[in-house]
Amino acid sequence: MTSNRADIVLGIQWGDEGKGRVVDAFAKDYDLVARFGGGDNAGHTLVVGDRKIALRIVPSGVLQERPQLFIGGGCVVSLDGLVEELDMLASIGVDVSRIKISDRAHVVFPYHAALDRASEKARGDAAIGTTGRGIGPTYTDKVARIGISFGELRKKEALADKIRYNIMSRSSQFAVMDAAPREEDVIAQTLEALPRVLPHVVDGVSYFHEMLESDRRVLIEGAQGTLLDVGYGTYPYVTSSSTIAGGACTGLGIGPTAIGRVVGVAKAYCTRVGAGPFPSELFDSTGDALRSRGGEFGTVTGRPRRCGWFDAVATKYAVRVNGLTSAVITKLDVLSGCEKVAIVTGYRSGGKSVGFESAGDPNLELELAWYDGWSEDISAIRKIADLPKNARAYVDALQHALGVPIDGVSLGPERSAMAIP
Ligand code: GDP
Ligand code: IMO
Ligand code: MG
């Protein structure tokens, strides 16, 4: 049987690249937009006209009328968070019956968030800087085979015992925290949420494959970023899911032959929120200027994002591990007004050239290529060729560094602020 192939849009830095904004712009041409991993640790901001919303778990195609929306089996979903987001979307006139959740997705319970925060506290100086949303503990339960899937929410008779077992399995940790959840409260809260949640739950594998087999156009939306991938990011300073293109296969139950384009989203500079290696981080007034001009404060936690120059070593690594076919650059407008801009083109350690695997090396030295800046307001430009000469030269340098074509350059948060080739 021949099926359509699904395209992927994912982040190729440490998250917050503007994936949501790019997916929103692309989604008008798709019949389905699907998330494959992560949970409400994600914060995807969309700006359409005067409206600005931040999505945590619902795919970023939701403000376009055409697509259905799917939260795939690789995701972990808080019931309260989901209901809150559905209510927020319904309140602005969105038809939320288009939103479906795979029976394979796992439930984040409030005690997972408590465990997340407690384990961060216990790590002290080695804290990861998680979003505190319970993502790590929920994936841990899934892998330990004690988690609860959305499919299991449908089997009400067995659910209370499953919740009790899940809590009991963590009892030694709760004892240390001195904060055991009250089982009966968790069960009651869960049962209360079910009438809101269950109408959205579908057999995820059939749902997704039937979309592909009926020739619908499918867009897969990444969350977090490649360098936060649990296996290929800057471990242990990573999230707990697979954020790379391969994760789209396992997160949706599809084979690699079902994938078409893989589009990587990168900021024209670099940011990171939370702890961990960030070789190109700027600790000076330039870093502060990027943060304030780029509004670099976390969507989920409000934390200031660490800022630095575009790191071509890191993004080339991301091109490889994702099999990228093209890229979209975001936030080029934020660099307007910089006298000079830089790209990290190489890492050196002990006098030798090293790769991204050495990102955490405390003796790392950076090779930088400098470019002349531009001062024009570029936000209204819609063709890459119309960018001021220095901005164009910088985009050419990014393209050269990535080694894949650039499909678009975002020049503002609003949906239409995108320059194309
Ligand atoms: P995501 O997690 O990858 O979807 O990104 P976030 O939404 O967390 O962070 C990106 C932020 O930058 C949001 O506040 C967007 O509205 C904003 N943004 C996206 N693209 C652009 C752009 O091209 N220029 C500017 N100035 N802001 C942008
Ligand atoms: P979007 O989809 C940026 C980071 C956290 C922390 C690490 C682990 O908006 O790009 P977790 O709560 O997942 O256990 O935290 O991962 N992190 C993100 N950083 N954007 C995100 O999502 C992130 N999701 C998780 O800051 O460093
Ligand atoms: Mg974000």
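Only heavy atoms go into these numbers, but all of them, side chains included; no hydrogens, no water, no symmetry mates. Since the structure is predicted, the reported quantities are computational estimates derived from the model, not experimental observations. Whatever order the structure lists ligands and atoms in, that order sets their numbers, starting from 1.
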### Query
Does ligand 2 have an atom that lies less than 4.0 angstrom from a heavy atom of Trp14?
yes
### Message
side chain to side chain contact (heavy atoms under 4.5 Å, CB included) for Ser240 and Lys142? Distances and angles first, verdict last.
### Response
CA-CA 11 Å; Ser240 297; Lys142 178 179 176 181; over 6 Å; no
### Task
Could you verify whether a donor N or O on one side chain and an acceptor N or O on the other, from Gln224 and Thr239, lie under 3.5 Å apart?
no
### Query
Name of the Asp16 N, O or S atom nearest the Mg ion (ligand 3)?
OD1
### Query
In terms of residue, atom name and distance, what is the protein heavy atom nearest to atom 5 (C) of ligand 2?
Gly129 O, 3.5 Å
### Query
Do Ser349 and Asp361 have a side chain donor and acceptor closer than 3.5 Å?
yes
### Query
Checking side chain to side chain contact (heavy atoms under 4.5 Å, CB included) for the pair Ile420/Arg382: CA distance, chi angles, key distance, verdict?
CA-CA 6 Å; Ile420 54 172; Arg382 296 293 172 263; over 6 Å; no
## Note on the structure
Of Thr45, Thr271, Leu335, Asp333, the one whose closest heavy atom lies nearest atom 7 (O) of ligand 1 is Thr45
### Basic-acidic side-chain contact under 4.0 Å: Arg196, Asp87
yes
### Query
Taking N or O atoms only and a 3.5 Å limit, does Gly15 qualify as a polar contact for ligand 2?
no
### Ligand-side contact atoms (ligand 2) for residue partner Val273, heavy atom cut-off under 4.0 Å
3 (C), 5 (C), 19 (N), 26 (O), 27 (O)
#### Entry: 4.0 Å heavy-atom contact, Ala42 with ligand 1
no
### Query
Under 4.0 Å from any heavy atom of Ala42, which atoms of ligand 2 are there?
1 (P), 2 (O), 9 (O), 22 (O)
### Query
Are any of the N/O atoms in Thr239 less than 3.5 Å from those in ligand 2?
yes
### Task
Give the residue, atom name and distance (to 0.1 Å) of the protein heavy atom nearest atom 23 (O) of ligand 1.
Ser410 OG, 2.5 Å
### Those atoms of ligand 2 less than 4.0 Å from some heavy atom in Gly274
27 (O)
### Task
Please state which part of Arg305 comes within less than 4.0 Å of ligand 1, counting heavy atoms only: side chain, backbone, both or neither.
side chain
### Message
Can you classify the ring geometry of Tyr394 versus Trp374 as parallel (below 30°), tilted (30 to 60°) or perpendicular (above 60°)?
### Response
tilted
### Exceeds 12 heavy-atom contacts within 6.0 angstrom, atom CZ of Arg51
no
## Note on the structure
Of Thr138, Asp40, Val107, the one forming a side-chain contact (heavy atoms from CB on, under 4.5 Å) with Val76 is Thr138
### Query
Heavy atom of Gly43 under 4.0 Å from ligand 1?
yes
### Query
Taking non-hydrogen atoms only, is Lys19 closer than 4.0 angstrom to ligand 2 via side chain, backbone, both or neither?
side chain
#### Entry: Close-contact set for ligand 2 against Ala223 heavy atoms, below 4.0 Å
2 (O)
### Message
Under 3.5 Å between any N/O of Gly15 and any N/O of ligand 1: does that happen in this structure?
### Response
no
### Query
Should Arg170 and Asp141 count as an ion pair when the cut-off is N to O under 4.0 Å?
yes
### Query
Just heavy atoms, cut-off under 4.0 Å: does Leu46 contact ligand 1 by side chain, backbone, both, or neither?
neither
## Note on the structure
Contact region, Leu228 to ligand 2, non-hydrogen atoms below 4.0 Å, reads side chain
### Query
Would Arg56 and Ser78 count as having a side-chain donor-acceptor pair, cut-off 3.5 Å?
no
### Message
Check contact between Arg303 and ligand 2, using heavy atoms of the residue and a distance below 4.0 angstrom.
### Response
yes
### Within reach of ligand 2, part of Asp116 (heavy-atom separation under 4.0 Å)
neither
### Query
Should Gly11 be listed as contacting ligand 2, given a heavy-atom distance under 4.0 Å as the test?
no
### Message
Parallel, tilted or perpendicular, judged at 30° and 60°: which one describes the rings of His112 and Phe109?
### Response
tilted
### Query
So, is Gly43 placed with an N/O/S atom under 2.8 Å from the Mg ion (ligand 3), counting both backbone and side chain?
yes
### Query
At a 4.0 Å cut-off, with the gap strictly under it, does some heavy atom of Ser240 reach an atom of ligand 2?
no
### Message
Main chain of Ile128, side chain of Glu120: is a donor-acceptor contact present, judged purely on distance under 3.5 Å?
### Response
yes
### Summary
In ligand 2, the atoms that come under 4.0 Å of a heavy atom of Asp16 are 1 (P), 3 (C), 9 (O), 10 (O), 20 (N)
## Note on the structure
the protein heavy atom lying closest to atom 12 (O) of ligand 2 turns out to be Thr131 OG1, 2.6 Å
### Message
Within ligand 2, which atoms have a heavy atom of Val238 less than 4.0 Å away?
### Response
7 (C), 8 (C)
## Note on the structure
The closest protein heavy-atom partner of atom 15 (O) of ligand 2 is Thr130 CA, 3.3 Å
### Query
Does Asp16 reach ligand 1 with a nitrogen or oxygen that is under 3.5 Å from one of the ligand's nitrogen or oxygen atoms?
yes
### Query
Are Asp407 and Ser326 close enough, and set up right, to give a side chain to side chain donor-acceptor pair (under 3.5 Å), and what steps lead you there?
CA-CA 6 Å; Asp407 290 337; Ser326 62; 2.6 Å; yes
### Message
Could you check whether atom CZ of Arg164 has more than 12 heavy atoms from other residues, nucleotides or ligands sitting under 6.0 Å from it?
### Response
yes
### Message
Just to check, does Arg133 reach to within less than 4.0 Å of ligand 2 when the distance is taken from its heavy atoms?
### Response
no
### Query
Of Gln224, Arg305, Arg56, which has the heavy atom at the shortest distance from atom 23 (C) of ligand 2?
Gln224
### Message
Parallel, tilted or perpendicular: which one describes the rings of Phe356 and Tyr347, with boundaries at 30° and 60°?
### Response
tilted
### Query
So, Arg21 and Asp24, do they make that salt bridge, N to O below 4.0 Å?
no
### Mode of His44 contact toward ligand 2 - side chain, backbone, both, neither (heavy atoms, under 4.0 Å)
side chain
### Query
Could you walk me through whether Glu367 and Arg348 pass the salt bridge (charged side-chain N to carboxylate O under 4.0 Å, His left out) check?
CA-CA 8 Å; Glu367 291 170 355; Arg348 296 187 76 78; 3.3 Å; yes
### Query
Any N or O on Ala275 sitting closer than 3.5 Å to an N or O of ligand 2?
no
